[in-house]
Amino acid sequence: MNRYLLPLGVFIGLVILLGIGLTLNPREVPSPFIGKPAPAFTLPTVHDANKQFSHEDFKGQVSLFNVWASWCVACREEHPLLVELSKTSDIPIYGLNYKDKLADAKRWLKMLGNPYLDSASDIEGKAGFNWGVYGVPETFLIDKKGIVRYKKIGPITKQDLQETILPMIQQLRGEAG
Amino acid sequence: MKKLLVLFFLLVFQTVLAAPVENLEDLGPADEKRYRDLISELRCLVCQNQSLADSDAELALDMRKEVHKKVVAGESDQEIIDFLVARYGDFVRYRPPVNATTLLLWFGPFLLLALGAFVLMKNSKKKDSPEALTTEQHAEAQRLLKESDEDNAS
């Protein structure tokens with residue numbers, strides 16, 4: 001009896017290990033930007049080619065920076081949540097329109113609503129590259145000093161918002177600017 | 001049948017056939033090798049089990065372009081890798097550096113090997129030295145052997 005115990009134990013251990021592996025999301029690569037200043041960029045905005053939006057604009061407030069594109073299906077899924085958030089809270093949401101066409105981006109915002117105070121237009125994807133974007137949508141939480149504190153790859157869910165993002169914003173707002 | 005086989009191989013190897021080739025004319029032979037080595041050692045983050053060299057994804061294309069540009073500019077391998085790690089994290093490397101989070105990744109297999117060797121050694125020792133028989137058991141065994149000899153002889 002005893003000699004079956006060890007293989008059984010090893011088997012159960014393996015099952016538990018693999019089971020944990022199944023619940024993890026391999027797409028969630030830890031971002032090297034957490035705790036670092038927002039990467040620099042200066043881009044025109046989607047709605048006004050003469051207006052510049054840059055990483056300096058994050059400073060002085062706790063804000064969300066959402067990478068989106070009209071060709072991105074998962075962004076469409078996430079969008080209503082952002083629109084709702086922009087209406088029901090005072091959290092500033094900025095956008096990075098990633099590798100999109102200006103006309104498509106404008107049409108998309110007109111059709112689905114615009115939750116963004118400003119969207120930087122990153123047509124070539126240069127800023128996105130410097131931000132390590134690889135799976136749109138991506139959302140960054142940036143503190144008052146312009147430091148990236150949290151990153152979510154893929155669409156934000158209600159659960160992410162309630163359990164992680166909103167509490168973090170509360171906490172970050174309490175910090176000295 | 002032959003046609004089916006051809007079709008099968010075409011389907012299986014289509015990714016290989018489709019692997020994009022950039023214009024590498026501006027690289028000398030040494031730089032071209034460096035470029036190829038680099039992109040086969042860096043991971044595409046969209047299709048995580050492919051290297052930049054193998055992947056067709058748009059991000060991989062962007063990243064290859066960036067590597068290409070930097071090779072042309074004469075940056076060292078380390079500088080190029082550091083540049084990408086700063087954006088995508090250690091995950092972008094197929095050979096991650098040894099640090100606290102990758103310790104198990106690097107040394108886990110050796111740990112398992114040592115464990116296996118330990119178990120193997122313990123088990124084989126057991127077989128080498130069977131438990132000694134008591135005098136009575138020994139006598140009984142002798143009797144049985146003798147009996148079977150007699151049976152065979154008859």
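In what follows, chains are A, B, ... by sequence order, proteins preceding strands, each numbered from 1.
By the salt bridge (Lys or Arg N to Asp or Glu O under 4.0 Å) test, B/Asp90 pairs with no residue at all, sequence neighbours left out. Not counting sequence neighbours, the partners of A/Arg76 by the side chain to side chain contact (heavy atoms under 4.5 Å, CB included) test are A/Trp108, A/Met111, A/Leu112.
Only the side chain of A/Phe33 comes within contact range of chain B, judged by heavy atoms closer than 4.5 Å. Contacts between B/Val92 and chain A at a heavy-atom distance below 4.5 Å are absent for every atom of the residue. Looking at A/Lys36, neither its backbone nor its side chain comes within 4.5 Å of chain B, counting heavy atoms on both sides.
With ring centers used as reference points, A/Phe58 lies under 6.0 Å from A/Phe53.
Using bins of under 30°, 30° to 60° and over 60° for the plane-to-plane angle, the ring pair B/Tyr35/B/His68 lands in the tilted bin.
Of the listed residues (A/Asn130, A/Leu6, A/Val133), the one with the most heavy-atom contacts under 4.5 Å to chain B is A/Asn130.
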